[in-house]
Peer 1: 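I have a structure I would like to understand better, so I am pasting it below and will then ask my questions one at a time.
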Amino acid sequence: MEQFYQVLTWIGVFAYWLLIAAVTVRVVFKRRVVGVSLAWMMIIYIVPIGGVIAYLLFGELNLGKKRAERAREMFLPFGNWFKQLNDCPGHQPQQMSLVAKPISDLCENRLGIPGLIGNDLSLQSSPQEILRSLVADINQAQHSIHLEFYIWNPGGLADEVGVALIQASKRGVKIRLLLDSAGSMRFFQSHWPKLMRGAGIELVEALAVSPFRMFFRRLDLRLHRKIVVIDDHIAYTGSMNLVDPAFFKINAGVGQWVDVMVRISGPTVSVLNCIQAWDWEVETGKRFLPPLPSCSFDTAHKDTVQVIPSGPGMPDDIIHQVLLLSIYQAQRSVVITTPYFVPSEHLLHAMKGAAERGVEVHVVIPRKNDSVMVEWASRSFFSDLLESGVHIHRFHGGLLHTKSVVIDESHCLIGTVNLDMRSLWLNFEVTMAVDNIVFTQELSQLQQSYIADSDKVNKEQWSKRSMKNKLVERFFYMFSPLL
């Protein structure tokens, strides 16, 4: 009997080794960032069985069979729609600046989406201004409102938006609302879904979370975009979820969330509308290709706006590429604001290289973060950045949630993208590359107000932090490719 148990033990050990070897081979043969592969291999070896299960659930970009098939079938019709933008009066590549043209060429070649002129942009930087502007535009809507958000949290001015949508639907406006299942969990548990559906609003829960689905789709894949399109004429996008900060995570100990949105009119509205239609079809299977931009917009606005979506089914790391290109093009300054700062190796080198060639590089992040892991992982990059001359500012006026990059105070990136692996490689995101000096300088002034409300990290003082803090930073640094 003892010999039998010995044989059984050896069989178990061999089976476990075979499982580890098979998963390791799978990790190695997946083409991805080397740091991500190493982080997963460390988890698989350190955590018996659990590491393998974690990899099978979260290690690969699995959109789910039905959604993946649907996305493949959508490539041709949506690709043809984007191609028709080349015939739009707003597509004038000969008028693009030397910084806008490379970004537009990259996005057109990889995404099929060209940069367009003729847009009017308005930066909104307070939650009251954003939500009241949104309510006012909803109240003026005539035929359609399309929305998608990662988080809708009931309470305060967010409820006024809900009331405005219900009233709009009752007067005949067609409304489609797409909300991420995990991010908007409180919303779906509230009375609002029943009220909205009862008023005729099409409300869809995107990427639904349930134990059963974990075997068919990666559960931490999230719809992180924020888009509103009203009457195919006005659009909003930016960093703010549909929340009133005075009623959102008030006990998290990080202060109120600080955000921006951009209100847009012009041909870019149609592009954002098409991205929302893409997400709607991936989730529901229903196609609503929007109308192409009209010819009636003001072509006196010669500055370029390039819309850049990313996520499963779209070209890999396209926003990451645009971000690197923008930093490499910088001549004088780069100012970055982001709530979650866990840069890739390439991004880290780009920022250090820019500082070392004389470009003034500033990174503004929250002093307190709602993610402990991200906060410690972020700190692990400070020493390298400070040594290269990068200026790091820790904002103490709340949780700074604005995602923006201003280059040379002349052009910028603004949208939903955090500077971490999750945003750059995993989630459904959208950002805009804006070549408009007036808008960019307004955004730059806002960034400077953030810096004025921040503590600058001192290189000498930072080097004297405790050994305990250094060890914790290094621990979370090992997992940074997965955060």
Side-chain angles (χ1 to χ4, degrees), residues 27-28 30-43 55 58-61 103 106-107 110-111 218 220-222 224 239 308-312 314-330 334-357 359 361-365 369 371 373-390 392 403-405 407 413-431 433 473-483:
V27 171
V28 170
K30 284 285 180 181
R31 295 183 61 86
R32 67 178 109 201
V33 179
V34 174
V36 174
S37 297
L38 291 175
W40 273 117
M41 289 170 67
M42 182 177 65
I43 292 173
Y55 179 78
F58 305 110
E60 297 178 7
L61 192 55
I103 293 174
L106 172 63
C107 293
R110 294 207 66 201
L111 287 166
R218 181 168 174 166
D220 62 339
L221 175 64
R222 306 314 327 158
H224 198 243
S239 66
I308 314 158
S310 69
M314 295 180 177
D316 294 338
D317 74 341
I318 179 64
I319 294 179
H320 187 241
Q321 281 188 303
V322 171
L323 181 58
L324 291 174
L325 177 58
S326 299
I327 293 174
Y328 285 131
Q329 289 187 115
V334 177
V335 183
I336 297 170
T337 69
T338 180
Y340 309 112
F341 180 69
V342 188
S344 68
E345 185 176 347
H346 295 297
L347 182 55
L348 184 66
H349 287 169
M351 293 170 63
K352 291 169 60 179
E356 289 166 351
R357 60 185 167 85
V359 175
V361 180
H362 295 263
V363 179
V364 191
I365 58 177
N369 204 296
S371 170
M373 292 181 68
V374 168
E375 183 170 347
W376 282 104
S378 294
R379 296 180 189 182
S380 69
F381 296 96
F382 285 9
S383 295
D384 281 351
L385 291 169
L386 292 169
E387 193 65 36
S388 297
V390 175
I392 301 174
K403 304 106 169 21
S404 67
V405 182
I407 310 293
L413 303 175
I414 188 166
T416 71
V417 182
N418 299 308
L419 294 195
D420 61 11
M421 297 296 195
R422 181 168 299 280
S423 271
L424 293 172
W425 274 280
L426 179 60
N427 290 335
F428 292 93
E429 305 277 3
V430 65
T431 197
E473 290 165 14
R474 297 307 297 177
F475 175 78
F476 285 105
Y477 171 78
M478 293 187 294
F479 298 100
S480 62
L482 307 180
L483 296 178

Peer 1: Do S310 and V430 come within less than 4.5 Å of each other through their side chains, counting heavy atoms only?
Peer 2: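 Not touching, per the 4.5 Å side-chain cut-off.
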
Peer 1: Of the non-hydrogen atoms in I414 and T431, which two are nearest, and what is the gap between them?
Peer 2: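 Of all heavy-atom pairs spanning I414 and T431, the closest is O-OG1, 3.1 Å.
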
Peer 1: To the nearest 0.5 Å, tell me how far M351 CE sits from L419 CG.
Peer 2: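 M351 atom CE to L419 atom CG measures 7.5 Å (nearest 0.5 Å).
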
Peer 1: Measure the shortest side-chain to side-chain distance between I365 and F382 over non-hydrogen atoms and say whether it is less than 4.5 angstrom.
Peer 2: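 Result yes, sub-4.5 Å side-chain heavy-atom pair found.
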
Peer 1: State whether the side chain of N427 and the backbone N or O of R222 hold a donor-acceptor pair below 3.5 Å, judged by distance alone.
Peer 2: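 At least one qualifying donor-acceptor pair exists.
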
Peer 1: Checking T337 now: which residues fulfil side-chain contact (heavy atoms from CB on, under 4.5 Å) with it, not counting sequence neighbours?
Peer 2: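 For T337 the side-chain contact (heavy atoms from CB on, under 4.5 Å) partners, ignoring immediate neighbours, are V364, L400, T402, S404, Q447, Y450.
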
Peer 1: Please enumerate all residues that pass side chain to side chain donor-acceptor pair (under 3.5 Å) together with S239, with sequence neighbours excluded.
Peer 2: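 Once residues adjacent in sequence are excluded, the partners of S239 under the side chain to side chain donor-acceptor pair (under 3.5 Å) criterion are D259.
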
Peer 1: Please identify each residue that fulfils ring-ring contact (aromatic ring centres under 6.0 Å, His included) with H320, with sequence neighbours left out.
Peer 2: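 Checked H320 against ring-ring contact (aromatic ring centres under 6.0 Å, His included); matches are W425.
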
Peer 1: If we ignore hydrogens and angles and just use 3.5 Å, is the side chain of S344 paired with the main-chain N or O of L347 as donor and acceptor?
Peer 2: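 Answer holds: yes.
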
Peer 1: Do V361 and E356 make a side-chain contact, defined as non-hydrogen atoms from C-beta onward lying under 4.5 Å apart?
Peer 2: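 A side-chain contact is absent here, since even the closest heavy-atom pair is not under 4.5 Å.
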
Peer 1: T416 and F428: side chain to side chain contact (heavy atoms under 4.5 Å, CB included), yes or no, with the steps?
Peer 2: CA-CA 9 Å; T416 71; F428 292 93; over 6 Å; no

Peer 1: Quick one: which of V322, L106, L323 gives a side chain to side chain contact (heavy atoms under 4.5 Å, CB included) with I308?
Peer 2: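 Single pass found, and it is V322.
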
Peer 1: What are the two closest non-hydrogen atoms of S388 and A355, and how far apart are they?
Peer 2: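 Taking every non-hydrogen atom into account, O-CB, 3.3 Å.
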
Peer 1: If every non-hydrogen atom of F341 is compared with every non-hydrogen atom of S378, which pair is closest and at what distance?
Peer 2: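 Looking at all heavy atoms of both residues, the closest pair is O-OG, 2.5 Å.
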
Peer 1: Any chance you could lay out the side chain to side chain contact (heavy atoms under 4.5 Å, CB included) test for L385 and K352, step after step, and finish with the verdict?
Peer 2: CA-CA 6 Å; L385 291 169; K352 291 169 60 179; 4.0 Å; yes

Peer 1: Nearest 0.5 Å, what's the NE2-NZ distance between H224 and K403?
Peer 2: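 Spacing of NE2 (H224) from NZ (K403) equals 5.0 Å.
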
Peer 1: What are the two closest non-hydrogen atoms of S326 and L413, and how far apart are they?
Peer 2: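 Taking every non-hydrogen atom into account, OG-CD1, 4.0 Å.
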
Peer 1: Calculate, to the nearest 0.5 Å, the distance between atoms CE and CG belonging to M421 and D317 respectively.
Peer 2: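 Here the interatomic distance stands at 10.5 Å.
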
Peer 1: Not counting sequence neighbours, which residues clear side-chain contact (heavy atoms from CB on, under 4.5 Å) with A330? List them please.
Peer 2: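 Checked A330 against side-chain contact (heavy atoms from CB on, under 4.5 Å); matches are V334, R357, V359, I407, D408.
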
Peer 1: So, taking the atom named CD in Q329 and the one named CG in L324, what distance separates them when rounded to the nearest 0.5 Å?
Peer 2: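 Answer for the CD-CG pair, Q329 versus L324, is 11.5 Å.
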
Peer 1: Would you call V417 and S423 a side-chain contact if the rule is heavy atoms closer than 4.5 Å?
Peer 2: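 Side-chain contact under 4.5 Å: yes.
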
Peer 1: Is a side-chain donor or acceptor of N369 paired with a backbone partner of Y340 at a separation under 3.5 angstrom?
Peer 2: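 Between the backbone of Y340 and the side chain of N369 there is no qualifying donor-acceptor contact (under 3.5 Å).
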
Peer 1: Once salt bridge (charged side-chain N to carboxylate O under 4.0 Å, His left out) is applied, what residue pairs with a partner in residues 377-387 remain, sequence neighbours excluded?
Peer 2: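 Sorted pair list: E375-R379.
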
Peer 1: Please identify each residue that fulfils side chain to side chain donor-acceptor pair (under 3.5 Å) with S371, with sequence neighbours left out.
Peer 2: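 Applying side chain to side chain donor-acceptor pair (under 3.5 Å) to S371 gives none.
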
